Structure formats: C-alpha cells, structure tokens
2 protein chains.
Amino acid sequence: MDELKLAREQLIEALGRQSGFWGLGKITGELYAVLYLSAEPLSLAELAGALGVTKGNVSIAIRLLEQLGMVRRSMRPGDRRVFFEAELDFWAIARRVLERRQKTEFNESFRMLKESISHAGNAQAGPGRDFMMERMERLQCFYEELDQIVKVILIIGPEQLARLVRIERTPPSTQYSP
Amino acid sequence: MDELKLAREQLIEALGRQSGFWGLGKITGELYAVLYLSAEPLSLAELAGALGVTKGNVSIAIRLLEQLGMVRRSMRPGDRRVFFEAELDFWAIARRVLERRQKTEFNESFRMLKESISHAGNAQAGPGRDFMMERMERLQCFYEELDQIVKVILIIGPEQLARLVRIERTPPSTQYSP
DNA sequence: GTTATCGTTTAGAACATTCTAAACGATATA
DNA sequence: TATATCGTTTAGAATGTTCTAAACGATAAC
C-alpha cells in the first residue's frame, strides 16, 4: 500500500547518494529516480514538488541530466510547459558520463603530466632530473594504459563487455601460468 | 634548472586535481605526488613543508593514503619520526581504491535498491506496482552487470586487462582465439 | 495592453568541507 | 624529574557548495 511510497523514496535516496558520490550533486540522481519511476513525463513544477525543492534548483539539475543524456524533454501540444522523461538505456548513460565527465578530467590531468615531463626535459641533466623523469614516464605509461581501457569500454557495447567478463570469469586452465 | 621545480609543482597539481575529483581530497593526491617524486622517504614535517600546509592536515591525509595502500611508512633506527614512501604499483593502487571506496559505495546503493524492490513486493498488486517493479528490476540487472565487470577487473591483473583491451582494439573476424 | 504562467537567473542564506593553530599525550633525552 | 620533539586530535576560522526566494524575460490568454 504505502509500501510503494517507501520503495520510491528508498530508490530516490539510493540514486541521489550515488550521483552525489560521482560528483553530480545529490538531487541530480534523485531527479532521475523520480523520472525513472514515473510512467508519464513530468513537468518542472511536478519534479520540484516530488522532491520538495524549488523550481530553480530543478532547472539547473535537469540541465545537467540532459547534457549527460540521462533525460529527454518532451513537449505536449498546446502546453507551454516542458516535460521530462528518463533515458532507459543505462549503458548509453554510463558511456556518456564516462566520456563527458571522467574522460574530460582524465585528459586534463594527462595533459598536465605531459607538460610536466616536458618541463623536466628542459632542465639541465643530472641524477635528480633523471630520477624525476623516470618516475614521470612510469606514470605516463599507466595513464596510457588506462586511456586504452577506457577507450575500449567506450567503443564496445554492453553485450561484448558482458561477454568479456564471462570469458574472464571462467578461468581456462591454459590461461594463468605463473 | 628551476624547470625541475616547475615540473614537480605541475605534477603535484595534476595529481591533487585528480584525487580531488575522485573524492579523496586535494592534498591527498598532492602528498602522493611529493612522495612519488622523492628519492627518499619523507617525514611528516617535510611533507607539510613541501606543500605549505600544517602537520595536522598532513596527518589526516596520509592516513587515508595508507589505508588505500598508496603510501607505506618506514622507520629509521634511532629516529622517532615516521617516514613515508610512495607505493609504485599503480595497478595495485587502482584495484585497492576501486575496492575500498567505489565498491563500498556501490554495494550500499545496491543494497538499498534491493530493499526498495522488497518494499515494492510487499505493496498490494496493481498496475502502479507492476510498473515500478519492472523498472526497479531492470535497474537491478544493470547493477549486477556492473558488479560482474568490477569483480573481473579486480580479479584479473593489469597484463590480462591490457590483453583484453588489445584484443578489442583489433576488431576483426576471428576475434577470440588465444 | 494587461494579466497569468512558464523556465531561468541570481543574490544571498544555509550548510558542508577543508584548513589552521593550539593543546595534547606519548616517548625519548638530558 | 624536567625538557624537547614527535604525531594526533580538536575547536573554530576560512572557504566552497548547495539551496531558496525573489526578480526577470518570454510567451500565451484574455
């Protein structure tokens, strides 16, 4: 009965927490949860009411959701209001978030690392410089490996990813030979 | 000459930024950078000096670094001070961070989702409940897939991960036949 | 033209985080 | 026993973030 209300609130909390953890803000995930559990698209005012926050607050959060492709807007003829509905393809969402947020941050850090290496390269030779260069280049290698992995994850679809996982979870005898 | 100082500062900034982004706090990554670029272990006071922050600040941040296995403490005989040195195995670090921080958060969210489904299951049947149940179970499936993937990444080593990546980057016909 | 209803923007309040400075307990040294 | 030097803890200052309430521009209805 009112268990439904409880279930909804719990999911809202779960996704709000998750989105907060990933640096998207709490109500971003909460909004998504509300839309995800709604059979029809909801207006800005309805969303604000559902979470007990202001329209302005929702306006900003929903923009981020749109940018991340987690929410689509839909219009109704003869209605000036804007309605929103949740994107249901979680893998598409994950890919987009990875691409737009994580990857961006990663790239910036990568760029700084390369710049740092470049600076060290300009320094006058010596044991101190050699040590730093070696360390930085080790780090660069790691960045490149990570970069490759993320790239692959972004390219291949969920089915192939799942298939890879399945392959790796059934450790064939020939595989590990340490 | 002073290019080295510049290079060091740039790397400190890069890692500080990165760790901040991942919710570990800025100076956590900065501290790691200082240790990573140091040939010898450093004391708490030296670390504080290097970043221009207080000992207390370092004390807390370095504890987190230890918990994540990013830093080891080393003692010197006849010296009461504690010295720290950076863990150099990035994959071990990544695995540990994934396990201790990301996975923990993920599990909590997963638990709440399942609890939410349980609540909805107790609600009286009806179209509203069925809709919510269906949505929640879809989400649960996604969580489970993600869980598998993370599990695999945690189990298999970097070489195998790199091998998978290499396989997927060559998109050909005969794909898997190792 | 006037009024009503949208969504957006913004100044500032409420809140949370991060840092400092100082106090503190513990341990070594004199 | 006194003194000095560690690392830790903590109260509160400084800073950032997130939210609200109100103003605003735009558009539709009257």
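Chain identifiers are assigned alphabetically (A, B, ...) following the order of the sequence lines, protein sequences preceding nucleic acid strands; residue numbering begins at 1 within each chain. Since the model is a prediction, treat every value here as computed from it, not as a measurement.
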Atom pair distance, as rounded to whole Å: CZ in B/R73 and C1' in D/dC6: 12 Å

B/Y32 versus B/A86, closest heavy-atom pair with distance: CE1-CB, 3.7 Å

Between C/dC6 (C1') and A/R76 (CZ): distance, integer Å: 15 Å

Interatomic distance, A/M75 CE vs C/dC6 P [rounded to whole Å]: 14 Å

A/R111/A/E115 ion pair, N-O < 4.0 Å: yes

Protein proximity profile, nucleotides 11-18 of chain C - base contact B, sugar-phosphate-only contact S, no contact -, cut-off 4.0 Å on heavy atoms: --------

A/D79 vs B/G52, nearer the 5' end of DNA chain C by closest nucleotide: A/D79

Selected nucleotide, minimal atom distance to A/T54 side chain, candidates C/dA21, C/dG7, D/dT20: D/dT20

Atom NZ of B/K103 with >12 non-hydrogen neighbours under 6.0 angstrom: yes

In one Ile/Leu/Val/Met/Phe/Trp/Tyr side-chain cluster, 4.5 Å: A/L37, A/F83: no

Whole angstrom value for the distance that separates P of D/dC19 from CG of A/L64: 12 Å

salt_bridge(B/R63, B/E66) N-O dist < 4.0 Å: no

Distance, rounded to the nearest Å, where A/R17 contributes CZ and D/dT18 contributes C1': 19 Å

Atom-to-atom span, NZ of B/K55 to P of D/dT8 - whole angstrom: 10 Å

Under 4.0 angstrom between A/R81 side-chain N/O and D/dA28 OP1 or OP2: no

A/L6-B/M133 co-clustered via ILVMFWY side chain contacts under 4.5 Å: no

Sugar-phosphate, base or nothing in reach of A/G23, heavy atoms under 4.0 Å: nothing

Cluster overlap A/F84 with A/L88, hydrophobic side-chain contacts below 4.5 Å: yes

Touch class at under 4.0 angstrom, heavy-atom based, for A/G20 against every strand present: nothing

Whether A/Y143 and A/F106 hold their rings parallel, tilted or perpendicular, with breakpoints at 30° and 60°: parallel

Stretch residues 38-48 of chain B: residues that reach within less than 4.0 Å of DNA chain D through a heavy atom: B/L44

Side chain of A/I60 - closest among D/dT20, D/dT9, C/dT10: C/dT10

Distance test, side-chain N/O of B/R63 to OP1/OP2 of D/dT9, below 4.0 Å: yes

Aromatic ring pairing A/F90/A/Y36, orientation class (parallel under 30°, perpendicular over 60°, tilted between): tilted

Nucleotide C/dC6, atom P - distance to CZ of A/F84 in whole Å: 14 Å

Minimum side-chain heavy-atom gap A/L139-B/L15 below 4.5 Å: yes

Which nucleotide in D/dG7, C/dT20, D/dA4 has an atom nearest any side-chain atom of B/R80: D/dA4

